[in-house]
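Atom set for the values below is all heavy atoms of this structure, side chains included, hydrogens, waters and symmetry mates excluded. We count ligands from 1, going down the list as the structure has it; atoms in each ligand are counted the same way. Nothing fancy with the numbering, it's 1 onward along the sequence.
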Amino acid sequence: MKLVLLGPSGAGKGTQAKQLSKVFGIPHISTGDILRGHITRSTEIGQQIEHIMDTGKLVPDAIVIELARERVAETDCVRGFILDGFPRNLYQAEVLCEMALGIDRVICIRLDDEVIIKRMSGRFSCPACGAVYHTEYYPPKVTGICDTCGNELIQREDDKESTVANRLRIYHEMTEPIISFFYEKNILTEVNGLGSAEDITDQIIKLFRED
Ligand code: ADP
């Protein structure tokens, strides 16, 4: 099963993608994680994109498209994958279609900006294992410490409030047009992002039982 998850930052794409990846046994491909990996390893790409990502802007298409193309060609993707964060503008969506991978469904998680701003400003993650917590909705057992590996949690530079507003503006401007692009291809399903993560996962799983 080849899936794309769409939706604004903070709507829960990453959380859903991780869960669905377990349920369906297919890899979760987050372009954000791949790009952050380059920054952590200080690769040539990492050095080029660090400032762009910190300010919440989109990384150049040529870089992201190449990374996504390489990742979906890996052997663990033969049975399917879940794309999270790609495509993020109309051009990337067109290139994805040209790759002719046979995307089965695009799921768009909808959520209002005010809710997102509240969610994101409380989001903290573990730099070592990638676990994500929220001060209000999903706190770690010990404040500021990762439950899984005991590392100190950090707030992503691009989760800071001023950057969140910028990322939402970019989402509305650049990413939202993709929704009608996939709707016209008859593969779009919209899901309400308000509700517990478990309920939303159940809603998505049900879609595939009905397919
Ligand atoms: P979120 O889903 O919370 O917005 P991501 O981890 O998906 O965060 O993305 C973080 C950042 O990585 C984006 O703000 C952007 O700078 C960069 N990025 C990720 N995917 C893409 C993409 N497909 N095109 C351009 N930039 C991207």
Side-chain angles (χ1 to χ4, degrees), residues 3-21 28-40 43 45-72 81-99 101 103 106-111 113 115-127 130-134 137-138 154-179 181-182 193 197 200:
L3 276 184
V4 172
L5 286 188
L6 268 187
S9 320
K13 278 185 317 264
T15 309
Q16 291 306 323
K18 282 195 188 89
Q19 216 30 52
L20 294 168
S21 154
H28 164 206
I29 302 176
S30 154
T31 42
D33 284 349
I34 295 174
L35 294 167
R36 278 186 290 277
H38 276 272
I39 294 177
T40 308
T43 64
I45 290 179
Q47 289 168 24
Q48 242 174 297
I49 63 171
E50 185 161 13
H51 182 67
I52 303 175
M53 281 186 70
D54 279 354
T55 50
K57 295 199 192 98
L58 295 190
V59 165
D61 288 335
I63 295 178
V64 185
I65 289 169
E66 226 20 66
L67 292 172
R69 194 193 297 279
E70 278 170 17
R71 182 63 189 90
V72 295
F81 50 76
I82 301 168
L83 280 177
D84 159 18
F86 183 87
R88 233 179 174 92
N89 61 27
L90 215 40
Y91 177 66
Q92 292 179 12
E94 280 162 1
V95 172
L96 176 66
C97 289
E98 280 161 18
M99 288 183 200
L101 299 167
I103 300 294
V106 177
I107 295 169
C108 179
I109 307 177
R110 290 255 188 207
L111 202 60
D113 287 8
V115 184
I116 288 172
I117 289 171
K118 192 162 173 239
R119 276 193 187 181
M120 299 205 13
S121 47
R123 188 158 86 166
F124 286 81
S125 61
C126 174
V132 182
Y133 299 88
H134 193 283
Y137 311 116
Y138 184 56
I154 52 157
Q155 183 166 44
R156 263 167 50 183
E157 194 55 42
D158 60 353
D159 274 353
K160 300 197 169 143
E161 213 167 312
S162 57
T163 317
V164 170
N166 197 29
R167 284 161 78 192
L168 284 173
R169 192 181 51 74
I170 292 174
Y171 176 78
H172 293 307
E173 220 171 276
M174 312 291 289
T175 313
E176 238 165 25
I178 301 182
I179 299 174
F181 175 85
F182 286 121
I200 297 168

Side chain of Gln155, backbone of Ser121: donor and acceptor closer than 3.5 Å?
-> yes

With a 4.5 Å heavy-atom cut-off, do Ile65 and Met99 have their side chains touching?
-> yes

Count the heavy atoms belonging to other residues, nucleotides or ligands that lie under 6.0 Å from OH of Tyr137, then report whether that count exceeds 12.
-> yes

Which protein N or O atoms sit under 3.5 Å from any N or O of ligand 1? Give atom names and distances.
unit_1: ligand 1; atom_1: 2 (O); unit_2: Lys13; atom_2: NZ; d: 3.2
unit_1: ligand 1; atom_1: 3 (O); unit_2: Arg123; atom_2: NH2; d: 3.1
unit_1: ligand 1; atom_1: 3 (O); unit_2: Arg167; atom_2: NH2; d: 2.8
unit_1: ligand 1; atom_1: 4 (O); unit_2: Ser9; atom_2: OG; d: 2.7
unit_1: ligand 1; atom_1: 4 (O); unit_2: Arg88; atom_2: NH2; d: 2.9
unit_1: ligand 1; atom_1: 4 (O); unit_2: Arg167; atom_2: NH2; d: 2.8
unit_1: ligand 1; atom_1: 6 (O); unit_2: Arg36; atom_2: NH1; d: 3.0
unit_1: ligand 1; atom_1: 6 (O); unit_2: Arg36; atom_2: NH2; d: 2.9
unit_1: ligand 1; atom_1: 7 (O); unit_2: Arg88; atom_2: NH1; d: 3.2
unit_1: ligand 1; atom_1: 7 (O); unit_2: Arg88; atom_2: NH2; d: 3.4
unit_1: ligand 1; atom_1: 8 (O); unit_2: Arg156; atom_2: NH2; d: 3.2
unit_1: ligand 1; atom_1: 8 (O); unit_2: Arg167; atom_2: NH2; d: 3.3
unit_1: ligand 1; atom_1: 9 (O); unit_2: Arg88; atom_2: NH2; d: 3.4
unit_1: ligand 1; atom_1: 16 (O); unit_2: Lys57; atom_2: O; d: 2.5
unit_1: ligand 1; atom_1: 20 (N); unit_2: Thr31; atom_2: OG1; d: 2.8
unit_1: ligand 1; atom_1: 20 (N); unit_2: Gly85; atom_2: O; d: 3.3
unit_1: ligand 1; atom_1: 20 (N); unit_2: Arg88; atom_2: NH1; d: 3.2
unit_1: ligand 1; atom_1: 23 (N); unit_2: Gly85; atom_2: O; d: 2.8
unit_1: ligand 1; atom_1: 23 (N); unit_2: Gln92; atom_2: OE1; d: 2.9
unit_1: ligand 1; atom_1: 24 (N); unit_2: Gln92; atom_2: NE2; d: 3.0
unit_1: ligand 1; atom_1: 26 (N); unit_2: Val59; atom_2: N; d: 3.0

Leu101 vs Phe81, side-chain contact (heavy atoms from CB on, under 4.5 Å): CA-CA, chis, key distance, verdict | CA-CA 10 Å; Leu101 299 167; Phe81 50 76; 3.9 Å; yes

Does a sphere of radius 6.0 Å around NZ in Lys18 hold more than 12 heavy atoms from other residues, nucleotides or ligands, not counting ones at 6.0 Å or beyond?
-> yes

Evaluate the criterion side-chain contact (heavy atoms from CB on, under 4.5 Å) for residue pair Ile107 and Gln16; output intermediate values, then yes/no.
-> CA-CA 10 Å; Ile107 295 169; Gln16 291 306 323; over 6 Å; no

